[in-house]
Amino acid sequence: MPSPSSFTTLGTGGGPRPDPRRAQPAHLLMIGDSPVLVDCGEGAMSGLAKVGIDYRHVEHIFLTHHHFDHIGSLFACLGLNMMVHRRAPLTVYGPPGTGQIVDSLLAACDVPNRTGFGSTDQALPHPRSFTRVRELSPGDLVEIPGARITCCENTHYRPESDFATPAEHISLSLRFDLVDRSIVFTGDTGVCAAVEALARGVDLLIGEMVDAEVVLERFRKSNPGVPPEREDKIRRHMLEHHLTAEQLGEMAQAAGARTVVAVHLTNGAATPDTIRTYAARIASRFGGEVRIAEDGQSH
């Protein structure tokens, strides 16, 4: 009988502002007894501990893109594994540029590696000895025990009309086909036919959701007198490179997903008072099960 999988939303917040209720984006995919980390935002190592997972047992980390709220714990992951004398391989997957980021973090480990544990003369393994990188392009296939992973570019960085042209930076959505079900993690994206196609017939769609009006209102309050053109750029980013509740529901409906789980929730927007409203907005466009994720929740 196949081992069951679970997807735990470790960090359901999003954006550069810390949220006291929600950690930044990081999620745990359990394939039987094997933990896989999907994005690695600040607090990911603590998030694993809170759900009973030893970070030393994570052998695969998948990154959707390189915004800091999605990669902030990578340095901690490398350094902490060094301190506990990790030997097992750790592979980091992500879009082009992942290798440069990891190489730089490995270089930053040089000083603490030489420091060791002070006068004990106890040598630490350098993370270079156990860390590997595989950069992914749209359409690539990754196979690990119990899972087949495919990906596509999404519209977090640029419109679909530009997908056929070369780009230095791309943002990915990921599909995990497991022995017991299929899971798609959109990462950050706007409306995107490629993501809908990737998610066709998926059992569980983990999708981002942003409340642009809440973001803009907070921006105006914290930046009085900001030039209108700067506010307009933020508005365009929120509306073109992210999904509203309704758009997430439409994506799930078009893909034929069974269940949709909303993550990447705007700081301060998703409260006990507003969660039902957001769920209803998604459900107005989607006929399946709707969940608004909390940190540490398994799906």
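These numbers come from the heavy atoms of this one structure, side chains and all, not from hydrogens, waters or symmetry mates.
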Qualifying residue for side chain to side chain contact (heavy atoms under 4.5 Å, CB included) with I183, from V38, D177, L204, I149: L204
Check: F117 and M83 side chains under 4.5 Å, non-hydrogen atoms: yes
T155/V191 under side-chain contact (heavy atoms from CB on, under 4.5 Å): CA gap, chis, key distance, verdict: CA-CA 7 Å; T155 55; V191 173; 5.6 Å; no
Trace of the side-chain contact (heavy atoms from CB on, under 4.5 Å) decision for T64 with D188: CA-CA 8 Å; T64 58; D188 289 6; 6.0 Å; no
S171 vs T189 side-chain heavy atoms within contact, under 4.5 Å: no
P138 vs L172 side-chain heavy atoms within contact, under 4.5 Å: yes
Inter-residue atom distance Q24.CD - D39.CG, 0.5 Å rounding: 11.0 Å
Euclidean distance, T98 OG1 relative to D103 CG, rounded to 0.5 Å: 10.5 Å
Exercise: identify the closest heavy-atom pair between I31 and G146: CG2-O, 3.8 Å
Non-hydrogen side-chain atoms of T9 and E294 separated by less than 4.5 Å: no
Atom pair CG (L29) and CG (L178), whose distance is rounded to the nearest 0.5 Å: 5.5 Å
Donor-acceptor contact present, side-chain E160 to main-chain A194, <3.5 Å: yes
From I53, T8, V36, residue fulfilling side chain to side chain contact (heavy atoms under 4.5 Å, CB included) relative to M30: I53
Under 3.5 Å side-chain donor-acceptor pair for S173 and T186: no
Over 12 foreign heavy atoms within 6.0 Å of CD, E229: yes
Path from L205 to I282 over hydrophobic side-chain contacts below 4.5 Å: yes
Side-chain (T271) to main-chain (T274) donor-acceptor, under 3.5 angstrom: yes
Heavy-atom closest contact (C77 atom, I61 atom, distance): SG-CD1, 3.8 Å
Check: L243 main-chain N/O paired with E208 side-chain donor or acceptor under 3.5 Å: yes
I275 reachable from V290 in the ILVMFWY side-chain graph, under 4.5 Å edges: yes
Enclosure of D232 CG (heavy-atom neighbours >12, cutoff 6.0 Å): yes
hydrophobic_cluster_shared for V261 and M209, side chain cutoff 4.5 Å: no
Residue pair I101 / V133, side-chain heavy-atom distance below 4.5 Å: no
R181 (side chain) donor-acceptor with S5 (main chain) under 3.5 angstrom: yes
Same apolar cluster (I L V M F W Y, side chains within < 4.5 Å links), V214/L248: yes
L106 side, atom CG; L78 side, atom CG - distance, nearest 0.5 Å: 5.5 Å
Full working for salt bridge (Lys or Arg N to Asp or Glu O under 4.0 Å) between E231 and R235: CA-CA 6 Å; E231 181 177 333; R235 178 183 291 104; 3.1 Å; yes
R134 CZ: over 12 foreign heavy atoms closer than 6.0 Å: yes
Side-chain (R86) to main-chain (R56) donor-acceptor, under 3.5 angstrom: yes
Greater than 12 external heavy atoms within 6.0 Å of R21's CZ: yes
Backbone N/O of G14 and side chain of D19: donor-acceptor pair under 3.5 Å: no
N/O donor-acceptor pair under 3.5 Å between E240 side chain and G190 backbone: no
Verify same cluster id: V202, V195 (apolar side-chain graph, 4.5 Å): yes
Worked check of salt bridge (Lys or Arg N to Asp or Glu O under 4.0 Å) between R285 and E246: CA-CA 6 Å; R285 311 295 174 88; E246 289 80 7; 5.1 Å; no
Test item: side-chain donor near acceptor, R22 and T12, under 3.5 Å: yes
Plane angle bin for H65 and H70 - parallel if under 30°, tilted between 30 and 60°, otherwise perpendicular: tilted
Shortest non-hydrogen separation from N154 to H156 and the atoms involved: OD1-N, 3.1 Å
Atom CD of E42 with >12 non-hydrogen neighbours under 6.0 angstrom: no
Any donor-acceptor pair under 3.5 Å from E289 side chain to R258 backbone: no
Interatomic distance, H126 atom NE2 to R114 atom CZ [nearest 0.5 angstrom]: 8.5 Å
Within-4.5 Å side-chain heavy-atom neighbours: L105 and T131: no
Check: I170 main-chain N/O paired with E153 side-chain donor or acceptor under 3.5 Å: no
Polar contact flag, side-chain donor to acceptor under 3.5 angstrom, H264-H242: no
side-chain hydrogen bond (donor to acceptor under 3.5 Å, both in side chains) between D162 and Y157, intermediate numbers included: CA-CA 10 Å; D162 290 346; Y157 286 165; over 6 Å; no
Worked check of side-chain contact (heavy atoms from CB on, under 4.5 Å) between L48 and L37: CA-CA 9 Å; L48 288 170; L37 197 57; 4.2 Å; yes
Neighbour count above 12 (heavy atom, 6.0 Å) for R200 CZ: yes
Least distance between heavy atoms, G99 atom then E135 atom: N-OE2, 2.8 Å
Interatomic spacing from CG in D295 to NE2 in H27 - rounded to 0.5 Å: 9.0 Å
Nearest heavy-atom neighbours spanning H66 and P96: CE1-O, 3.3 Å
Over all atoms of both residues, closest heavy-atom pair of L136 and C151: CB-SG, 4.4 Å
Flag side-chain contact, heavy atom, 4.5 Å: M45 against C40: yes
F176 side chain near F62 side chain, heavy-atom distance below 4.5 Å: yes
S73 side chain to A76 backbone, donor-acceptor under 3.5 Å: no
Any donor-acceptor N or O pair under 3.5 Å, side chains T266, D211: no
